[in-house]
Protein chains: 2
Amino acid sequence: MAYRETEKMRQRKAEARNKIIESTWECVAEGGFRSARVTRIAGLAGVATGTLYRHFESREDLFAEIFRLATQREVDKVAEALSVPGSAVERLDSALRKFAQRALKGPMKAWALIAEPVDPKVEEERLVYRKAYASLFEQAIRDGIAEGCLPEQNPRLSSTCLVGAISESLVGPLSPTQTAAAPGTDNHQDELVNAIVCFCIRGLTDSRS
Amino acid sequence: MAYRETEKMRQRKAEARNKIIESTWECVAEGGFRSARVTRIAGLAGVATGTLYRHFESREDLFAEIFRLATQREVDKVAEALSVPGSAVERLDSALRKFAQRALKGPMKAWALIAEPVDPKVEEERLVYRKAYASLFEQAIRDGIAEGCLPEQNPRLSSTCLVGAISESLVGPLSPTQTAAAPGTDNHQDELVNAIVCFCIRGLTDSRS
DNA sequence: GCAAGTAGTGAATCATTATTCATTCTTTGT
DNA sequence: ACAAAGAATGAATAATGATTCACTACTTGC
């Protein structure tokens with residue numbers, strides 16, 4: 001007997017894997033998924049194209065993984081914003097704000113996650129991601145109804161509407177052409193975020209009904 | 001001198017063009033843009049693949065054209081719903097309802113128009129289409145503010161939120177896998193439409209502020 | 001029916017990249 | 001140092017479908 005996988009090797013492989021993930025993310029942040037070429041990714045990671053396939057089943061799988069990771073970060077941030085003390089409405093307000101602000105800070109990444117046309121496997125991940133957001137919001141809405149600070153409503157539907165409203169409002173500002181043309185001032189962005197959050201909160205809270 | 005294009009020929013060509021448009025739409029209604037093959041489209045239209053290229057610059061251009069046409073119909077319907085007499089809120093309510101109902105009646109078509117990942121040229125058309133909706137809603141919101149039945153707000157942003165909320169709520173129910181699994185009863189759909197419209201109208205009308 | 005021009009054809013081509021795999025290079029335990 | 005096993009390589013391949021284009025079949029006006 002001879003070669004047996006050792007800790008050192010395991011680490012080295014993990015490192016390579018991370019490098020690949022990193023360079024993929026770099027490519028995506030540059031021009032989205034569609035324009036990220038495996039050759040470029042491998043090149044950036046300092047490995048041969050073939051090596052990439054020792055770590056990931058396929059380009060699509062690699063992308064799905066990247067998507068999952070990036071997404072997890074975002075969802076965690078929103079979850080965090082929702083888990084501070086305060087009324088449900090306050091918590092929702094801060095979570096929506098967080099979502100929008102983060103998106104505007106990394107427009108290309110946000111566009112890739114929210115709106116870029118992607119391959120089926122990645123699209124699947126996107127649905128998961130949107131559901132994750134919706135679930136978070138949904139729970140907060142339920143809390144709000146229980147607390148009495150939100151009127152009776154279908155929490156699932158309302159949360160989906162939140163995700164849609166905020167995503168759509170950001171697509172314009174995020175889309176690559178738009179971004180290139182008009183970077184947008186901080187002030188402008190704050191205003192945008194305010195208006196979006198305003199609409200969303202109103203959508204949930206109407207004091208009639 | 002000899003051959004000169006005549007009315008008869010012009011008509012015949014127009015007919016062929018229409019046939020191509022029709023069969024493209026048929027393919028799209030079946031499985032979206034991505035899976036629509038030019039060979040199949042040509043076959044259905046009863047022409048050779050090459051002929052298709054005498055009528056359209058490229059597959060993408062053909063798709064963009066189809067998209068534009070389909071979109072125009074939808075936008076017109078919503079415009080119609082907005083142009084009846086009544087308060088702005090009533091008119092918006094009926095327009096949102098129309099939008100949702102039409103989408104649920106032709107799920108695959110709606111999915112292709114609203115959410116399917118598409119090529120750049122088509123995506124461009126999609127932005128135009130969304131803007132068209134947003135503009136319609138925007139005007140109605142302005143009217144509402146003037147009438148006093150809606151509070152002060154950023155009409156452009158609010159209208160974008162409307163489009164987003166309604167699109168997103170429909171994506172789940174529309175996506176091909178979902179549709180195949182659960183056709184959804186008429187009753188269920190009515191409920192869905194109600195909840196969406198409810199959220200949207202609340203988003204616009206909150207009686208505080 | 002003929003000449004001049006246009007429309008239609010569809011098999012062959014092309015372009016694009018992801019993926020493979022025969023080969024070379026490393027690691028490991030003895 | 002050696003044999004056994006795995007890891008890395010990257011040029012060659014493969015697959016996919018849109019697009020082309022040399023050719024045939026029409027139309028037209030005389």
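Chain letters run A, B, ... following the sequence lines, proteins first, then strands; residues in each count from 1.
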*Asks:* Rounded to whole angstroms, how far apart are CD on Gln11(A) and P on dA7(D)?
*Replies:* 15 Å
*Asks:* What's the CD-P distance between Glu5(A) and dT26(C), to the nearest Å?
*Replies:* 19 Å
*Asks:* Phosphate oxygens OP1/OP2 of dT27(D): is one of them under 4.0 Å from a side-chain N or O of Lys8(B)?
*Replies:* no
*Asks:* What nucleotide, of dT9(C), dT27(C), dT27(D), holds the atom closest to the side chain of Met9(B)?
*Replies:* dT27(D)
*Asks:* Within less than 4.0 Å of OP1 or OP2 of dT26(C), is there a side-chain N or O belonging to Arg12(A)?
*Replies:* no
*Asks:* Once you round it to whole Å, what is the distance between C1' of dG8(C) and CZ of Arg17(B)?
*Replies:* 17 Å
*Asks:* Taking the ring of Phe63(A) and the ring of Phe56(A), is the distance between their centroids below 6.0 Å?
*Replies:* no
*Asks:* Could you tell me the separation between the NE2 atom of His55(B) and the C1' atom of dT6(C), rounded to a whole number of Å?
*Replies:* 12 Å
*Asks:* Using a cut-off of 4.0 Å between protein heavy atoms and nucleotide atoms, how would you tag nucleotides 16-23 of chain D 5' to 3' with B, S and -?
*Replies:* -SSBB---
*Asks:* Salt bridge or not for Arg142(A) and Glu138(A), using N-O below 4.0 Å?
*Replies:* yes
*Asks:* Spell out, as yes or no, whether a donor-acceptor pair under 3.5 Å connects the side chain of Ser167(B) to the backbone of Gly164(B).
*Replies:* no
*Asks:* Rounding to a whole Å, what distance do you find between Asp119(A):CG and dT17(C):P?
*Replies:* 13 Å
*Asks:* Determine, for Arg97(A) against Asp190(A), whether the closest basic-nitrogen to carboxylate-oxygen distance falls under 4.0 angstrom.
*Replies:* no
*Asks:* Could you tell me whether a side-chain N or O of Arg91(A) sits under 3.5 Å from a main-chain N or O of Gly144(A), the two making a donor and an acceptor?
*Replies:* no
